[in-house]
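The block underneath contains the structure these notes are about, expressed in structure tokens.
In the text below, chain A, chain B and the rest are named by the order of the sequence lines, each starting its count at 1.
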There are 2 protein chains.
Amino acid sequence: MAQPNADPSSIDFAALNLLRVVHELGSFTAAAEKLNINQSAVSYTIAKLRACFHDPLFVREGGRQVSTDRCEEILARSLQMLGMLDEMLQPDAFDPGSATQNVTIACNYYERVLLIPALVSAIRREAPGMTVKVINALGDGHLRLLNREADVLVGPFARSESGFHSRRLYAEEYACLMDAAHPLADTALDIDSYLGLNHVLIDYGGGWQSAYLRELEAAGHRIAPVVIAPSPAGLATLIVESDLVATVPRRLGEWNSDRLKIADCPFPGRFDVSLVWAAHTNASAMHRWLRELIWRISRP
Amino acid sequence: MAQPNADPSSIDFAALNLLRVVHELGSFTAAAEKLNINQSAVSYTIAKLRACFHDPLFVREGGRQVSTDRCEEILARSLQMLGMLDEMLQPDAFDPGSATQNVTIACNYYERVLLIPALVSAIRREAPGMTVKVINALGDGHLRLLNREADVLVGPFARSESGFHSRRLYAEEYACLMDAAHPLADTALDIDSYLGLNHVLIDYGGGWQSAYLRELEAAGHRIAPVVIAPSPAGLATLIVESDLVATVPRRLGEWNSDRLKIADCPFPGRFDVSLVWAAHTNASAMHRWLRELIWRISRP
DNA sequence: GGTATTCATCGAATTTTTCGATGGCAGGTA
DNA sequence: TACCTGCCATCGAAAAATTCGATGAATACC
């Protein structure tokens with residue numbers, strides 16, 4: 001049977017609770033019954049605590065086990081600790097209605113225009129106390145996640161490394177945006193006529209290359225842009241009443257389509273828009289809620 | 001090998017410390033080395049914590065184990081708890097110089113006169129911040145100890161019931177106190193001359209009977225007191241220049257012996273003056289100090 | 001004085017934890 | 001690409017800790 005382990009770090013919460021019950025009942029036997037264990041198990045654990053704290057903790061005085069002063073001190077802290085354990089065990093609850101946290105979303109122009117407005121509105125409706133921050137994902141959105149600068153990343157980012165999870169929101173492709181009066185506005189664009197257009201090229205910089213360009217270059221072609229812009233902002237104004245053509249994600253084109261026309265692109269550069277998050281936020285209730293919300297608002 | 005125990009109360013402080021070390025080092029293997037245990041033991045304990053908290057706690061992100069938000073919360077409380085454990089383990093230290101506690105001593109007239117002055121002076125010298133309270137022990141000093149009304153009991157109380165400890169301070173006996181001019185002041189008192197004296201009887205009440213009286217009555221005698229007093233206070237004034245004789249503990253007589261004479265009593269009713277304390281104070285540093293102090297000042 | 005409780009202790013049984021070895025996975029390197 | 005290498009999960013066996021039921025000693029209660 002051997003002596004109980006006198007190493008204090010081997011004390012567990014069951015032992016602290018046992019101390020509490022023995023103190024409450026003033027009896028080892030009664031405590032054993034209450035805890036549904038054998039009386040000798042109570043003796044064993046008390047012996048262990050006695051060895052750890054170098055104090056008898058309980059002494060018999062007229063039929064009752066009475067606690068020493070030291071025991072009272074230890075018990076006071078034990079009660080605190082048992083309370084803290086209960087708090088720790090509390091499942092990670094998240095109540096949108098009362099939450100006041102901040103969420104940070106990393107994304108780029110496309111998502112800011114097409115997803116963020118609906119997302120912000122949904123967050124404000126479901127969680128009025130929360131604040132939203134949007135930061136540029138650029139090409140290194142994954143780093144933002146790792147550095148905890150962002151809670152989620154939305155965009156055309158395939159899940160690559162480990163340490164991340166992702167969920168595909170929807171498929172997207174590139175299409176050609178041009179003035180409704182453009183000569184080729186109502187024809188089907190073949191490769192040659194496409195390549196010969198007066199292109200507006202969106203170059204986000206930072207080494208990012210749009211999928212349709214990769215597809216086009218992989219097929220051995222090249223386009224000579226007439227205008228290069230750093231983002232699609234103001235693109236509609238640029239194209240309207242001109243002979244310029246921009247190749248942009250289809251939904252972005254549709255968003256601009258008041259006086260413009262959208263045509264299929266021979267190099268559609270299909271890609272997935274995904275929601276990406278760091279593994280360390282995977283189990284968090286708030287993050288699960290946020291991801292579900294993003295999924296919902298991204299449904300067509 | 002079986003699954004780890006998912007009962008939260010089986011979590012011990014070693015597990016919380018392991019959590020701390022893993023968090024600090026970002027690696028199970030490194031934590032195992034630091035803690036001088038096998039890596040699989042670390043995995044085992046982390047698996048247990050994961051099961052208890054229903055959270056992965058650590059996820060691999062780019063070669064490093066990164067903590068989840070939940071893990072951070074749990075860790076924060078764990079650190080607090082580890083701190084509290086350290087406090088609890090602190091041996092029950094007592095520093096007289098800085099102590100500000102109160103000590104309560106239960107005793108009766110005899111000890112208040114013969115021991116308390118020296119004790120109070122010793123306490124004031126060694127522990128200037130402490131306060132002393134003296135309460136009457138009467139006949140039920142043991143109850144005062146059990147009720148925590150007194151820290152120690154000093155007096156002619158044999159250790160009787162369990163739940164108490166005691167230490168014999170010294171032996172005492174009764175002697176006869178009379179005026180130095182009393183006719184029998186210089187003769188040896190035999191039983192008959194003793195019984196025929198004009199006795200002053202101290203009757204403390206409460207059923208307490210002095211040892212010499214028990215001895216005398218056990219021998220089939222009886223005395224007819226001339227004066228009955230409830231305590232020896234003022235006894236000297238009463239006896240001086242009178243033919244009265246009081247039978248009192250010898251040291252009490254000596255304390256009064258300015259103009260009085262002490263004679264051996266044929267019924268010395270020897271008894272021990274003891275220090276008695278409740279078992280629940282046995283291990284307390286303050287109480288040990290107090291008891292040692294009382295022992296010292298009671299040396300002749 | 002006898003009887004019933006209560007806690008400590010014993011040996012055996014059980015459970016938990018640790019160990020050493022192995023396998024899968026991801027990262028870094030040739 | 002393909003191979004190492006380091007890291008964690010898992011396995012079976014071994015060790016350690018805990019629990020059990022029984023018994024003994026001390027004490028409270030008749």
Sugar-phosphate, base or nothing in reach of A/Asn5, heavy atoms under 4.0 Å: sugar-phosphate

Check ion pair B/Arg70-A/Asp92 (N to O, under 4.0 angstrom): no

Shorter than 3.5 Å, N or O on both sides, protein versus nucleotides 5-9 of chain D: list them out with atom names.
unit_1, atom_1, unit_2, atom_2, d
D/dC7, O4', B/Arg60, NH2, 3.4
D/dC8, OP1, B/Phe28, N, 2.9
D/dC8, OP2, B/Phe28, N, 3.2
D/dC8, OP2, B/Thr29, N, 2.7
D/dC8, OP2, B/Thr29, OG1, 2.6
D/dA9, OP1, B/Arg50, NH1, 2.6
D/dA9, OP2, B/Ser43, OG, 3.0
D/dA9, N7, B/Gln39, NE2, 3.1
D/dA9, N6, B/Gln39, OE1, 3.2

Short N-O contact, A/Arg291 and A/Asp151, less than 4.0 angstrom: no

Most 5' of A/Glu61 and A/Asn38 on DNA chain D, judged by nearest nucleotide: A/Asn38

B/Tyr44 OH - D/dA14 C1' separation (whole Å): 14 Å

Side-chain N,O (B/Lys48) to OP1/OP2 (C/dT17) below 4.0 Å: yes

Length of the line joining A/Leu49:CG and C/dA8:P, which is rounded to integer Å: 12 Å

Main-chain N/O of B/Trp277 paired with B/Thr281 side-chain donor or acceptor, under 3.5 Å: no

Pair B/Arg20 + B/Glu24, salt bridge at N-O below 4.0 Å: yes

A/Tyr174-A/Phe271 aromatic ring centre distance below 6.0 Å: yes

Any A/Thr45 side-chain N or O less than 4.0 Å from OP1/OP2 of D/dT19: yes

Whole angstrom value for the distance that separates P of D/dA26 from CZ of A/Arg64: 24 Å

A/Phe164 CZ - C/dC25 P separation (whole Å): 20 Å

Steps toward ring-ring contact (aromatic ring centres under 6.0 Å, His included) verdict (B/Phe267, B/His221): CA-CA 11 Å; B/Phe267 304 101; B/His221 303 293; 5.6 Å; yes

Rounded distance (Å) that lies between atom P of C/dT5 and atom CD of A/Glu33: 11 Å

Length of the line joining A/Leu35:CG and D/dT18:P, which is rounded to integer Å: 16 Å

Closest approach of B/Pro156 to B/Glu111 (non-hydrogen atoms, all atoms of both residues): CD-OE2, 3.6 Å

Between C1' of D/dT18 and CD1 of A/Ile37, the distance in whole Å: 10 Å

